[in-house]
Amino acid sequence: MKQSTSLKVRLPTLVVGVEVVMLFLYAGFVTYDDDADAKMQNNETKPMDNSLYHDYHFFADVQVMIFVGFGCLLAFLRLYGFSGMVFNFLTATFAIQWAILVQGYFQFFSDGKIRLGVINLLNAEFACAVVLISFGAVLGKTSPVQLLVMALLEVPVFSVTEWAVLKYIKINDAGGSILIHLFACYFGLAVTFVLFRPGLNEGHAKDMTSYQSDILSLMGTLFLWVFWPSFNSALTLKGDDQHRAVLHTFIGLSSSTLTAFALSAMLNKTGKLTLADIQNVTLAGGVTVGATVDMMISPAAAFALGVMGCTACMLGYRYLTPFLARRLRIQDQCGIHNLHGLTGLISSLAGICAILLATEETYGPSLYQTFAYRAPPEGDPRLRELQRLIPGLKPGLGRSAQRQAVFQVAAIFCTVCLAALGGIVTGFVLKLPFLASPSDEWCYDDEAFFEVPSDFDSADMPKVLSNQETKV
Amino acid sequence: MKQSTSLKVRLPTLVVGVEVVMLFLYAGFVTYDDDADAKMQNNETKPMDNSLYHDYHFFADVQVMIFVGFGCLLAFLRLYGFSGMVFNFLTATFAIQWAILVQGYFQFFSDGKIRLGVINLLNAEFACAVVLISFGAVLGKTSPVQLLVMALLEVPVFSVTEWAVLKYIKINDAGGSILIHLFACYFGLAVTFVLFRPGLNEGHAKDMTSYQSDILSLMGTLFLWVFWPSFNSALTLKGDDQHRAVLHTFIGLSSSTLTAFALSAMLNKTGKLTLADIQNVTLAGGVTVGATVDMMISPAAAFALGVMGCTACMLGYRYLTPFLARRLRIQDQCGIHNLHGLTGLISSLAGICAILLATEETYGPSLYQTFAYRAPPEGDPRLRELQRLIPGLKPGLGRSAQRQAVFQVAAIFCTVCLAALGGIVTGFVLKLPFLASPSDEWCYDDEAFFEVPSDFDSADMPKVLSNQETKV
Amino acid sequence: MKQSTSLKVRLPTLVVGVEVVMLFLYAGFVTYDDDADAKMQNNETKPMDNSLYHDYHFFADVQVMIFVGFGCLLAFLRLYGFSGMVFNFLTATFAIQWAILVQGYFQFFSDGKIRLGVINLLNAEFACAVVLISFGAVLGKTSPVQLLVMALLEVPVFSVTEWAVLKYIKINDAGGSILIHLFACYFGLAVTFVLFRPGLNEGHAKDMTSYQSDILSLMGTLFLWVFWPSFNSALTLKGDDQHRAVLHTFIGLSSSTLTAFALSAMLNKTGKLTLADIQNVTLAGGVTVGATVDMMISPAAAFALGVMGCTACMLGYRYLTPFLARRLRIQDQCGIHNLHGLTGLISSLAGICAILLATEETYGPSLYQTFAYRAPPEGDPRLRELQRLIPGLKPGLGRSAQRQAVFQVAAIFCTVCLAALGGIVTGFVLKLPFLASPSDEWCYDDEAFFEVPSDFDSADMPKVLSNQETKV
């Protein structure tokens, strides 16, 4: 049984194969963008105006979230700490490298070349976040080979969706509630639906935490919490938009954190706190403010969104996740539907409300920057008038708020459908026989894929596990 | 006995109650400041000049200190790691949210509204640091409900003190040695004095570390150490003042770290290093340079302050903390009197010396910026002269250095008194019966407030603890 | 036997002695640089143009790498976690403090004073990185007293080398592949060669990891990985050069990470992943792009360098390290020859190739900035012509690419020789009898130098270790 998880041939074959192709693609198509190209600098270039200095520190914050934050958060299982952190590392690295190419083709392509700057890396980290969220649904039940294949397929589906929604539908979604969280959630759920393992529905002896793994996971939460404002604001317009994004994210996280503590104690039989709630539900506010994060929604609205998102997320963990597993065959290991799906939906609705309520009275003329599609189209006399107030204003589509609400709904619908469809196809690919998928028995066990040190306690699990716990 | 620590009703009641009030206050009184308000942007606004870019990355560094650094540092107890990290998370989040309102009312209020920007968050994190330092005195002996009540009371007392000292007394205290460290220390000591538990004075079986908890706590120290320059410089004047603050903090920390190693080996019977010293005493230099951090004290003075602060702190841990516990009924769990009190006092004295020694010869005309109260008052002809050298110079109070020294002393006195008074009142409030305070037996034990995983070893403690240790 | 490792007298004597001398040197010779000196500010100073804002956040990132990243990475041994993190902390702090003086004397000296700014701290952290890399060779086998003595000697040798190479030979080495990694590697190897312990060549019962220590070490890797772009770009020219440095480092790391996974599975007998590979070999790409990090080498070349460096590093761990230990008496505990030596050599060669291939066609006139020595010398009419294109261009040495290649080779040669020589001398000094060197038996054991908590499991090691492992 265990033989089948050997990575000796499969992983090197896949990685080397993909890396060789990737190297050729990088050699053939990737070059520097203007801010990274020595030749584009002239005697009027001011080095400190380089886009590097606008983006790099936000990028570095997101790096910490992706590699350290996610890595630790996913290491919450007692016997799956190596796997949680390491597969996160592997998958993230691969997804970013691949997303640079795919997103580059759709978004940063000119004259036959992908133009590379830190902004591309930042965009690619968002694509990577999508993959890692989806990974949460199948954690413990997939081999690294399967995860790489999943990333290989998910990144293009995501990039096409992103490109179609941003270029053709044109929506507001600065914090990525729709494009990142909803997409990632429904993609992941679709994958885990296809990979359904009946043997795990009654719980698994190794699906449990330890004192140290819980603390490690909590550290991951804290890193995500601390840098979430950078995540939600990294791709907004610079200036007041980005400033609001930071404020709203912080306030949303903070109200959702306090609510999570209250609900965790309230819903527990003996009135104790459940660490899994602190690790996950506290973050709900960061997702829930996403779609409106750069708008003038008022600090109180961000506060209220945090409370709502958190409540939905908590109830989801308690009641929906078990229901999905038992009735709909959707085994959502980390509960991504609660932390990213429900909150993403609330955020999307809030976004629509905020769009409908946005007026020039509140935003001044910069309404037409934050909601760029509402700017008058080329040739409209109103455009010239506005350009006197905001010199760089670009012509838009002249959409009304009501019309835009319809587009937002369309975008949500498209995103969820494409994600689910992509996830189902990916799930079937992951069922192919040679991908080192672990048997039920070897799920949630580092020993399947790692040389483990002598104090690794997989052996005496069955004894210890008389009072078996399953993570809700 | 254990029943009494159930949070099922108490925590949700308190949190939901407070959150509802808070939401109304946010809705009624909190709006955006000019840099976060879309309407205030016009065709002369340069997005990259937004205050966000001056403050945000310092804010992010302080976030890491508050949530990760403090969180890990306070998780040094073997059976109290969940509580250390999680109560820190809870208390910090609540304190910041509350401080935004209270400090907002005192410092950022205009036209009936609190104007919110990242600078408010940064200020609120400092108020939060105050609460967390005080928390150190009562760690292990208080319920989360008590901690929230403490934050609820401490934040306003602190904010009033801060406002009175900064607005009326007007002092130099860029790194917060007086307002943050001294206040937090004496508030915390007063609280723990009132909460005195005779049963703990002979040590407690669970008041001990483990190998992993010691390492975790050390990681917290390292995060605090690494970002302390950001903490001490976050609220100074921009430019050379902030630059010096970074340099002095780094040098002070570095000399105090080396001194701590020397003293730790020297004072140990067998010539070994004590990890608690490395975790705590190394940080003394960061506090000790606080009050003078932006002044032209010379790098060597920062070096000497680090050595002095460290020595005082170390001796305090060895001799003063046990004395306070036995004779004065002050059970200072983390030794905050050593790390924040003694060092804060040294820093305050150093501040007075540096003020007395500050001359125009050393500072040039920017003397009247760093020591704003020394600038000539409105109408003084000398003011116009200086304004030719420094166009934006604001009129001051025309205080002499000697006169200012008196004000510094007054500020120290007021701060310590208000802190102690506030702490005593708070302590009595925390003794109210329905706050889920743990019995002596359940102190230092995660199981009082958390669902713990099956490998949590509280049960076999008594056996293991034949050679019982108490943290000094 | 154990007596001899007491630090009671030795450590305080050394530290206090050195600190007193240091304090006098700081007092006598260290003052502020122009950007940190209040007196140098005038009515034309714009505070936000202060160099602090160009350098500080890169400095903070490198701080995290040095103190948290290295600290955790070096804590990979089961019974040597305290020592790994704490000795790293001690050595790093001391090395930086000392390097500020030594590098200050060579690089930042004017009018009899060392001018101190954040840029000096940044440079000193690089000198510190050198010491910490060398530390990797002797980890587990040296006392803290020995480590301080090593830092005391290595910093000046490094600083002289750095000064001679940068000032007289003048080379390209933005990421420090030559000056930092090669120097550190050969210095460390020379030290460990002299300190050869025959008793350890057959492995040591305590030279093993635990589940938690492996995870901690992996966290260190992740912090290093995440901030490596800051490390490699911190000292480049601002603007597009720094931008490219970030891009190349990220790409190099990412391709080396994926390659490391492939090779780790491939070279393992049972097709499992080895955590030590993930902890170390993934980072090879960061070193390998070092010497060319700011050049127009193309993203694909950074990709290829990552793959090559990783492959060399991995093969080194498998075959070269055991060979060095057995045949050449070089016991390289952490395998620094693989991660810093082999990769450094590849990087150096790549640097030479990139220099030979650099043309004005690719770089435009900024060729003469990135390769400053190629700028025409003072008086050359071509210089005036170029200065019309790049107003601030400084006169250079008019070297051709070919000629520069020779200088690069000379620099590599000098660096390696000085490092080896310095390392040998240092090794003999470290053999002096009163430096608390642990006996073979007490190697890799925290108990030699630390008070350990009651759950420290050194005692039952021999039993556990029937299936003894040695770290390759």
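Chain A is the first sequence line, chain B the second, and so forth, proteins listed ahead of strands; every chain is numbered from 1.
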With a 4.5 angstrom heavy-atom cut-off, could you sort out which part of I297(A) is near chain B: side chain, backbone, both or neither? both
Which bit of S210(A) comes within less than 4.5 Å of chain B, counting heavy atoms only: side chain, backbone, both or neither? both
No-hydrogen, no-angle side-chain donor-acceptor test under 3.5 Å, T221(A) and Q279(A): no
By a 4.5 Å heavy-atom criterion (distance strictly below it), what part of F261(A) contacts chain B: side chain, backbone, both, or neither? both
Go through T370(A), V246(A), I390(A) and name the one with the most non-hydrogen pairs under 4.5 angstrom from chain B. V246(A)
Between the side chain of E360(A) and the main-chain N/O of P365(A), is any donor-acceptor distance below 3.5 Å? no
Below 4.5 Å, heavy-atom pairs only: which of P144(B), A60(B), A36(B), P47(B) has the largest tally toward chain A? A36(B)
Out of L11(B), V118(B), V16(B), which one racks up the most heavy-atom pairs below 4.5 Å with chain A? V118(B)
Please classify the contact of M219(B) with chain A as side chain, backbone, both or neither, using a heavy-atom distance under 4.5 Å. side chain
Just by distance, with hydrogens left out, do T236(A) and D241(A) show a side-chain donor and acceptor under 3.5 Å apart? no
Indicate whether the side chain of T93(B) and that of W225(A) have a donor and an acceptor atom separated by less than 3.5 Å. no
Quick one: do I119(A) and L235(A) satisfy side chain to side chain contact (heavy atoms under 4.5 Å, CB included)? Show the steps, please. CA-CA 9 Å; I119(A) 189 72; L235(A) 295 180; 4.0 Å; yes
So which residue, L216(A), V307(A), L247(A), ends up with the most heavy-atom pairs under 4.5 Å with chain B? L247(A)
Run through H57(A), Q242(A), H54(A), K238(A) and flag the one making a side chain to side chain donor-acceptor pair (under 3.5 Å) with Y53(B). Q242(A)
Chain A contact via N50(B) - side chain, backbone, both or neither, heavy atoms under 4.5 Å: side chain
Okay, I278(A) and chain B: the region with an atom under 4.5 Å from a heavy atom over there is both
Under 4.5 Å from any heavy atom of chain B, what part of S233(A) do you find: side chain, backbone, both or neither? neither
Flag the pair F223(A) / F70(A) as yes when their ring centroid distance falls below 6.0 Å, and as no otherwise. no
Side chain from CB out, backbone as N, CA, C, O: work out which of these in L7(B) comes under 4.5 Å of a heavy atom of chain A, or both, or neither. both
When you compare the side chains of N120(B) and Q103(B), does any donor N or O come within less than 3.5 Å of an acceptor on the partner? no
Highest number of heavy-atom pairs under 4.5 Å with chain A among Q212(B), E44(B), Q41(B) belongs to Q41(B)
Checking the side chain of N88(B) only, and the main-chain atoms of G84(B) only, is there a donor and an acceptor separated by less than 3.5 Å? no
Considering only heavy atoms and a distance below 4.5 Å, find which of G364(A), S298(A), A304(A) pairs most often with chain B. S298(A)
Among the listed options A262(A), A301(A), A302(A), the residue most often paired with chain B at heavy-atom distances under 4.5 Å: A262(A)
Tell me, for L14(B) versus chain A, whether the close heavy atoms (under 4.5 Å) come from the side chain, the backbone, both or neither. neither
Structural part of F59(B) lying under 4.5 Å from a heavy atom of chain A: side chain
Measure distances from L25(B) to the heavy atoms of chain A and classify the residue's part below 4.5 Å as side chain, backbone, both or neither. neither
Measure across T274(A) and S264(A) and return the closest heavy-atom pair with its distance rounded to 0.1 Å. N-OG, 3.1 Å
Scored by heavy-atom pairs under 4.5 Å with chain A, the best of F67(B), F24(B), F82(B), F29(B) is F82(B)
Against chain A, label D446(B) side chain, backbone, both or neither, depending on which of its atoms sit under 4.5 Å from a heavy atom there. side chain
Largest heavy-atom contact set with chain A, pairs under 4.5 Å, which of K46(B), M40(B), M48(B): M48(B)
F87(B) vs F449(B) aromatic rings, parallel, tilted or perpendicular, using cut-offs 30° and 60°? perpendicular
Looking at T270(A), T257(A), I251(A), which makes the most heavy-atom pairs under 4.5 Å with chain B? T257(A)
Top residue by heavy-atom pair count (under 4.5 Å) with chain A, among D34(B), N42(B), N43(B), L148(B)? N43(B)
Tell me if a side-chain donor or acceptor on N172(A) pairs with a main-chain N or O of T292(A) at a distance below 3.5 Å. no
Check step by step if side-chain hydrogen bond (donor to acceptor under 3.5 Å, both in side chains) holds for T282(A) and N280(A). CA-CA 6 Å; T282(A) 51; N280(A) 294 289; over 6 Å; no
Contact part of S366(A) toward chain B, heavy-atom cut-off under 4.5 Å: side chain, backbone, both or neither? side chain
Salt bridge between R244(A) and D294(A), side-chain N to carboxylate O under 4.0 Å? no
